[in-house]
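All residue numbers in this chain count up from 1 along the given sequence.
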Amino acid sequence: GAMRNLPYFCRGEVVKGFGRGSKQLGIPTANFSEQVVESFPADIPTGIYYGWACVGNGDVHKMVLSIGWNPFYKNIKKSVETHIIHTFKEDFYGEILSIVITGYIRPEKNFDSVDALISAIQEDIEEAKRQLDLPEHLKLKEDNFFHLPEGKIVNNR
């Protein structure tokens with residue numbers, strides 16, 4: 001079952017994750033701070049979702065999002081990782097990431113190999129691209145949520 005409360009709007013600072021996404025998989029993901037993850041509804045099913053993402057006051061891009069339990073933390077911490085379907089020239093740690101989760105793709109799975117994981121993620125990305133072209137999802141790309149008020153873009157300095 002997918003999240004009942006979609007679309008789900010969320011904004012927070014990007015923090016350093018485990019470095020796994022980019023290094024091992026070639027699929028960079030942005031991690032939210034713990035406070036943001038803890039603000040997610042407790043009953044969110046783990047799994048893969050899709051939606052829209054925007055860094056700072058930049059353009060809005062398609063994204064896939066993984067909500068899962070991090071074995072690294074003995075499964076007490078939920079992790080939320082966003083893969084923005086766009087190539088960024090540099091890291092954006094410390095920037096504000098705004099996301100709208102619009103739909104659900106599949107539950108979490110375990111994979112026998114890194115290759116199997118990578119091909120599953122590639123399929124998730126293709127599915128996200130298809131879904132996000134549908135009018136009911138596309139319209140959220142233009143949501144006012146993505147227009148940060150001037151002055152909010154500074155990195156909390």
Side-chain angles (χ1 to χ4, degrees), residues 1-56 58-129 131-132 137 140-141 143 145-146 148 152 155-156:
M3 247 164 98
R4 289 182 303 280
N5 35 1
L6 292 183
Y8 182 75
F9 295 79
C10 174
R11 173 178 290 139
E13 190 177 338
V14 176
V15 299
K16 275 198 193 298
F18 300 103
R20 279 189 307 234
S22 333
K23 312 247 184 336
Q24 293 178 13
L25 305 178
I27 300 162
T29 59
N31 294 67
F32 279 122
S33 70
E34 268 181 39
Q35 294 93 306
V36 175
V37 175
E38 283 164 8
S39 73
F40 270 65
D43 61 349
I44 280 188
T46 56
I48 310 298
Y49 293 83
Y50 59 84
W52 300 103
C54 172
V55 177
D59 295 330
V60 179
H61 300 288
K62 295 175 176 179
M63 64 82 171
V64 289
L65 177 111
S66 143
I67 299 177
W69 294 103
N70 227 305
F72 188 85
Y73 280 130
K74 307 271 185 290
N75 296 348
I76 50 172
K77 286 256 184 284
K78 211 177 263 182
S79 76
V80 175
E81 297 182 52
T82 304
H83 168 68
I84 303 174
I85 304 172
H86 175 76
T87 304
F88 290 90
K89 289 180 190 58
E90 61 268 321
D91 286 334
F92 42 83
Y93 298 124
E95 294 282 347
I96 297 298
L97 174 64
S98 303
I99 63 167
V100 178
I101 304 174
T102 66
Y104 178 79
I105 299 178
R106 62 172 174 84
E108 266 193 306
K109 291 201 283 253
N110 279 329
F111 294 96
D112 301 332
S113 68
V114 171
D115 288 343
L117 172 61
I118 292 173
S119 66
I121 296 171
Q122 298 299 351
E123 284 170 29
D124 296 336
I125 289 170
E126 291 313 310
E127 177 67 10
K129 287 178 178 171
Q131 294 291 341
L132 289 162
H137 297 303
L140 282 155
K141 182 180 185 179
D143 197 277
F145 177 73
F146 287 119
L148 287 181
K152 284 273 164 58
N155 293 341
N156 304 335

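Of the possible polar contacts, none joining the Trp52 side chain to the Phe146 backbone as a donor-acceptor pair under 3.5 Å is found. Side chain of His83 to main chain of Thr29: no donor-acceptor pair is present (N/O by atom type, distance under 3.5 Å, no hydrogens or angles). Between the side chain of Asp143 and the backbone N or O of Phe145 there is at least one donor-acceptor pair closer than 3.5 Å.
Here OG of Ser113 is found 8.5 Å from CD1 of Ile118. Values are rounded to the nearest 0.5 Å. The distance from atom CD of Glu81 to atom CD1 of Ile27, rounded to the nearest 0.5 Å, is 11.0 Å.
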Begin with the C-alpha distance, continue with both residues' side-chain angles, and end with the deciding distance and a verdict on ring pair (Phe, Tyr, Trp, His ring centres under 6.0 Å) for Tyr8 and Phe40.
CA-CA 9 Å; Tyr8 182 75; Phe40 270 65; 4.8 Å; yes
Full working for side-chain hydrogen bond (donor to acceptor under 3.5 Å, both in side chains) between Glu127 and Gln131:
CA-CA 6 Å; Glu127 177 67 10; Gln131 294 291 341; 2.8 Å; yes
Show, in sequence, the C-alpha distance, side-chain angles and deciding distance for Ile85 and Lys129, and conclude whether the side chain to side chain contact (heavy atoms under 4.5 Å, CB included) test is met.
CA-CA 9 Å; Ile85 304 172; Lys129 287 178 178 171; 3.6 Å; yes
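Looking at every heavy atom in both residues, Ala53 comes nearest to Thr82 through CB-CG2, 4.4 Å. Heavy-atom minimum distance, Thr46 versus Gly68: CG2-CA, 4.0 Å. When all heavy atoms of Gly12 and Val36 are compared, the closest pair comes out as CA-CG2, 3.8 Å.
For residues 59-68, the set of pairs meeting the salt bridge (charged side-chain N to carboxylate O under 4.0 Å, His left out) definition, not counting sequence neighbours, comprises Lys62-Asp133.
Residues Lys109 and Leu117 fail the side-chain proximity criterion, which asks for heavy atoms closer than 4.5 Å. Side-chain contact between Ile84 and Phe92 is present, with at least one heavy-atom pair separated by less than 4.5 Å. Between Val55 and Ile96, the closest side-chain pair of non-hydrogen atoms is not below 4.5 Å. Annotation: side chain of Thr102 is in contact with side chain of Leu132 (closest heavy-atom distance under 4.5 Å). Side-chain contact between Cys54 and Leu97: absent, with no pair of heavy atoms (C-beta onward) separated by less than 4.5 Å.
In this view, Glu108 satisfies the salt bridge (charged side-chain N to carboxylate O under 4.0 Å, His left out) rule with no residue, not counting sequence neighbours. For Lys89, there are no side-chain contact (heavy atoms from CB on, under 4.5 Å) partners at least two apart in sequence or on another chain. Listed by chain and residue number, nothing satisfies the salt bridge (charged side-chain N to carboxylate O under 4.0 Å, His left out) test with Arg11 (two or more places apart in sequence, or in another chain). For Glu38, the side-chain contact (heavy atoms from CB on, under 4.5 Å) criterion is met by Glu34, Lys77, not counting sequence neighbours. When the side-chain contact (heavy atoms from CB on, under 4.5 Å) test is applied to Val37, the partners found at least two apart in sequence or on another chain are Phe32, Lys78, Val80.
Between Tyr104 and Tyr50, the ring center distance fails the sub-6.0 Å criterion.
Residue Tyr49 is tested with Ile99, Val64, Ile105, Ile44 for a side chain to side chain contact (heavy atoms under 4.5 Å, CB included); the sole match is Ile44.
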